[in-house]
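As the structure lists them, so they are numbered: ligands from 1, and atoms in each ligand from 1. These figures come from a predicted structure and were not determined experimentally. Residues: numbered from 1 along the sequence shown.
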Amino acid sequence: VAQESDLIRRHFTGLGAARDDVLLGVGDDAAVLRAPDGCELVLTTDSLVEGVHFLPGSDPRSLGHRALAVNLSDCAAMGARPLWALLALTLPVADDDWLREFAAGFAALARAHEVALVGGNLTRGPLNIGVQLTGCVASGAAITRSGGRPGDWLCLTGTVGDAAAGRQPASGTLVNDDHRRFLRHRFEFPTPRVELGMALPGLASACIDISDGVRVDLERLAEASHCGLQIEVERLPLSAALRALHGENAWRLALSGGEDYELAIAVTETRLQPLLNRAAEKDVPCTPVGRLTAQSGAQWLRAGAVLEVSPGGFDHFAT
Ligand SMILES: [Mg+2]
C-alpha cells in the first residue's frame with residue numbers, strides 16, 4: 001500500500017494542466033473542484049481492457065494517450081470543454097518504466113487540452129485502465145444525439161477506417177512502409193476533435209463520436225433523432241494510406257472498423273457552410289457524407305445502389 005501511494009506521488013501528481021479551479025487534486029481522499037459559473041457539467045467514463053481494447057505488450061505511451069483520448073472524444077461530441085480527469089488503473093505489476101511512459105502519454109494530451117488529472121487510484125490485478133472525465137458547457141447548450149432532423153446533412157471529421165487498419169501489428173514486410181506507420185499511428189494516437197467540439201453549440205443539430213464504426217454510430221444518431229439516413233459510401237473521407245493499402249476494402253474498414261474517435265455531426269442545410277468554415281479555421285477536415293431522412297431506416301448507397309447489410313457481420317456487404 002505504501003508502495004502504491006509512492007507510485008501515485010511519483011507518476012500522477014500534478015499530471016496534465018495546472019488549473020486554478022482545482023482546489024485539491026491528487027493525494028487526498030477526494031478532489032475538490034470549483035464548478036464554472038453559468039455552466040452545466042458533462043461527465044463521461046470509458047475503460048481500456050487488455051485483450052479487449054489492446055494487445056498485451058502495447059506501447060504504454062499510446063495507452064496513456066488513448067485512455068484519455070476516448071473520453072475527450074465523448075466530451076467533444078457533447079460540445080463540452082474538458083476540465084478534470086480521474087484515473088483508475090489496475091496493474092499486474094508495479095513497473096516504474098511502464099508507469100512513466102503511460103503517464104507521459106496521458107500528460108501530453110491532457111496539457112494540450114488544458115485538462116488536469118485530479119485523482120484516481122492504483123490497484124493490483126489484470127491490466128485495466130479506467131478514466132472518468134468531467135467537462136462543462138454553457139447552460140442548455142450541450143449537443144446530443146437526438147437533435148437531428150430530416151434533411152440535416154451528416155458530416156464526418158478527419159478520415160475514417162485508419163484505426164481499424166492500423167490495429168493489427170505490422171507484418172515484417174510492411175514494417176518500414178510509410179502508409180503502414182501512418183495507419184498504426186492513427187490507431188495508437190487518435191486525435192480527439194476537442195476544439196471543433198467546443199464550437200458546435202449553436203451550429204450542430206446533433207453529434208456522436210465514432211467509436212464503434214461509422215455505420216453503427218451514424219445509425220445510433222439517426223435512431224436517437226427519430227430519423228432514417230441516406231449515406232453515399234463514395235463520399236466517406238478515406239486517407240491516402242488506407243486507399244493505398246486496402247484498395248477495394250477501404251470503405252468496408254471505414255464503415256465497420258471503429259476506434260476512429262472522429263465526430264459525426266448533423267447540421268441543417270443553412271448551417272452546413274458555417275460548420276465547414278469553422279472546421280477549416282481549426283484545420284479539421286469535415287466532409288458531408290449524406291443526410292438524415294424522414295423515412296426511417298438506413299440506406300447505404302454505393303454506385304447508386306443500396307448496399308445490403310447483414311446483421312451478422314461488418315464485412316458482409318453485398319453490392
Ligand atoms: Mg461516444
request  = Assess whether salt bridge (charged side-chain N to carboxylate O under 4.0 Å, His left out) is satisfied between Arg61 and Asp59, documenting all intermediate values.
outcome  = CA-CA 5 Å; Arg61 190 176 287 249; Asp59 174 11; 5.6 Å; no
I'd like a table of donor-acceptor pairs (distance under 3.5 Å, sequence neighbours excluded) in which one partner is a side-chain atom from residues 119-126, with atom names and distances.
residue: Asn121; atom: ND2; partner: Thr123; partner atom: OG1; Å: 3.1

query = Would a 4.5 Å heavy-atom cut-off, applied to side chains only, mark Val70 and Ser211 as touching?
reply =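 Not touching, per the 4.5 Å side-chain cut-off.
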query = Charged N to carboxylate O below 4.0 Å: is that the case for Glu40 and Arg81?
reply =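 So Glu40 does not pair with Arg81 through a salt bridge.
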request  = Only protein N/O/S atoms count here: give how many lie under 2.8 Å from the Mg ion (ligand 1).
outcome  =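 N, O or S atoms of the protein closer than 2.8 Å: 2.
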ask   = Could you go step by step and tell me if Asp152 and Arg271 meet the salt bridge (charged side-chain N to carboxylate O under 4.0 Å, His left out) rule?
value = CA-CA 9 Å; Asp152 282 359; Arg271 286 183 174 153; over 6 Å; no
ask   = Do Arg111's NZ or CZ and the ring of Phe106 fall within the cation-pi criteria of under 6.0 Å and 45°?
value =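 That pair does not qualify as a cation-pi contact.
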